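Below is one structure, written out as structure tokens, with a few remarks after it.
Every chain is numbered from 1 and lettered A, B, ... according to where its sequence line falls, protein lines coming before strand lines. Owing to the predicted nature of the structure, the values given are computational and were not obtained by experimental measurement. The basis for the numbers below is simple: all heavy atoms, side chains too, and nothing from hydrogens, waters or symmetry mates.
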Amino acid sequence: MAAPLAGDLSLIYNALLAAFGHQHWWPAETPFETMIGAILAQNVAWTNAAQAVRNLDAAGMLDPHLLAGADAGEIARLIVPSRFYNQKAERIREFARVYVAEFQADPAAMAAVEAETLRKRLLALRGLGKETVDSILLYACGKPVFVVDAYTRRIFSRYGLLPEGASYDHMQRLFADNLEEDVALFNDYHAQIVFLGNTICRKSPLCDRCPVRVIGGTLRCARGQA
DNA sequence: ACCCAGGGCGTTG
DNA sequence: CAACGCCATGGG
């Protein structure tokens with residue numbers, strides 16, 4: 001594996017943006033919906049998580065106070081499509097309780113907390129791991145935290161920029177060390193990776209429609225070089 | 001009838 | 001730390 005060239009990550013983003021257009025993440029109406037969506041999206045297709053969000057909304061339960069006081073079984077019943085619904089119901093209720101008790105159910109109050117402090121606090125909650133917490137930090141709180149995931153590992157190991165068994169921290173460091181700290185960039189870059197991952201590059205190792213490929217050990221982008 | 005999705009936890013070695 | 005099993009839906 002060649003040492004990551006400093007410009008590769010920007011080159012790849014430019015190619016993805018040129019090919020796919022801005023992704024406009026997170027697909028939610030409010031910061032709180034984003035937070036709940038991040039939990040519901042754990043290890044499940046987004047369409048399933050989205051259905052669970054719609055069910056909560058339709059039941060009038062997409063509310064921090066109501067979720068904090070709800071019966072876990074009542075939440076579970078509404079989020080069945082999200083898979084692992086019993087676990088996720090507990091996680092959502094506990095998160096809602098903390099959101100109300102410590103952040104006054106106010107996204108601005110939460111976003112006012114220093115990023116690393118907030119990250120540690122959320123990571124201490126059961127069911128909130130690094131990817132979920134970082135998604136909340138970036139997409140709900142506007143913190144400059146790069147979110148990485150299984151798609152990131154699959155795609156960037158394919159480009160030769162990460163080993164196949166790269167850890168979350170290792171992956172995150174690659175982006176933090178080689179990109180300008182920019183919330184808008186971090187937001188759309190991760191969204192582009194997910195889009196690429198669950199559409200055209202799902203199966204074939206280097207599908208012919210991928211805007212980014214490796215030729216003779218060198219990274220090439222079909223569009224967006226600069 | 002398979003396969004796997006925008007993970008995380010608890011338990012082992 | 002890594003490797004496992006567990007959780008337990010729905011679309012391709």
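Side-chain contact between Ile92(A) and Leu40(A): present, with at least one pair of heavy atoms (C-beta onward) separated by less than 4.5 Å. Between Leu161(A) and Ile12(A), some side-chain heavy-atom pair lies under the 4.5 Å cut-off.
Atom CD1 in Ile155(A) sits roughly 14 Å away from atom C1' in dA5(B) (whole-Å rounding). Atom-to-atom, CD1 of Ile92(A) to P of dG8(B) comes out at 14 Å; the value is rounded to the nearest Å. Asn198(A) has its CG atom 16 Å from the C1' atom of dG7(B), to the nearest Å. If you take CZ of Arg154(A) and P of dC4(B), they are 9 Å apart, rounded to a whole angstrom. Look at CG on Asn43(A): it is 13 Å from C1' on dC9(B), rounded to the nearest Å. In this entry the distance linking OH of Tyr151(A) with P of dC4(B) reads 12 Å, nearest Å. To the nearest angstrom, P of dG6(B) lies 13 Å from CD of Gln23(A). Rounded to whole Å, the distance from CG on Leu40(A) to P on dG7(B) is 13 Å.
Annotation: proximity of residues 121-146 of chain A to DNA chain C (heavy atom, distance under 4.0 Å) is found for no residue.
Using cut-offs of 30° and 60° on the angle between ring planes, the pair Tyr159(A) and Phe156(A) is perpendicular.
Panel note: side chain Gln23(A), backbone Ile193(A); no donor-acceptor pair is recorded below 3.5 Å. Using modelled atom types, no side-chain atom of Arg91(A) and backbone atom of Leu128(A) make a donor-acceptor pair closer than 3.5 Å. Checking side-chain atoms of Glu114(A) against main-chain N and O of Glu116(A) turns up a donor-acceptor pair under 3.5 Å.
Here Phe186(A) and Tyr189(A) keep their ring centres 6.0 angstrom or further from each other.
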Anything under 3.5 Å between a protein N or O and an N or O of nucleotides 10-12 of chain C, put it in a table, one pair a line.
{"from": "dG10(C)", "atom 1": "O4'", "to": "Asn48(A)", "atom 2": "ND2", "distance (Å)": "3.0"}

Check residues 134-148 of chain A and write down every donor-acceptor pair under 3.5 Å in which the side-chain atom is one partner and the other belongs to a residue at least two apart or another chain.
{"from": "Asp134(A)", "atom 1": "OD1", "to": "Arg119(A)", "atom 2": "NE", "distance (Å)": "2.7"}
{"from": "Asp134(A)", "atom 1": "OD1", "to": "Arg119(A)", "atom 2": "NH2", "distance (Å)": "3.4"}
{"from": "Asp134(A)", "atom 1": "OD2", "to": "Arg119(A)", "atom 2": "NH2", "distance (Å)": "3.0"}
{"from": "Asp134(A)", "atom 1": "OD2", "to": "Tyr168(A)", "atom 2": "OH", "distance (Å)": "2.7"}
{"from": "Asp134(A)", "atom 1": "OD2", "to": "Gln172(A)", "atom 2": "NE2", "distance (Å)": "2.8"}
{"from": "Ser135(A)", "atom 1": "OG", "to": "Glu131(A)", "atom 2": "O", "distance (Å)": "2.9"}
{"from": "Tyr139(A)", "atom 1": "OH", "to": "Asn187(A)", "atom 2": "O", "distance (Å)": "2.7"}
{"from": "Lys143(A)", "atom 1": "NZ", "to": "Ala111(A)", "atom 2": "O", "distance (Å)": "2.7"}
{"from": "Lys143(A)", "atom 1": "NZ", "to": "Val113(A)", "atom 2": "O", "distance (Å)": "2.8"}

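The listed nucleotides are dG8(B), dG6(B), dT9(C); the one nearest the side chain of Arg83(A) is dT9(C).
For Tyr85(A) and dC7(C), the shortest distance from a side-chain N or O to OP1 or OP2 is not below 4.0 Å.
Taking atom P on both dG12(C) and dG6(B), the two are 13 Å apart, rounded to the nearest angstrom.
Under the 4.0 Å criterion applied to side-chain N and carboxylate O atoms, Glu102(A) and Arg121(A) are assigned as salt-bridge partners.
The aromatic ring of Phe84(A) is not stacked on the base of dA8(C), since the criterion of ring centres less than 5.5 Å apart with planes inclined by under 30° is not met. Trp25(A) qualifies as a stacking partner of the dG6(B) base, centre to centre under 5.5 Å and near-parallel within 30°.
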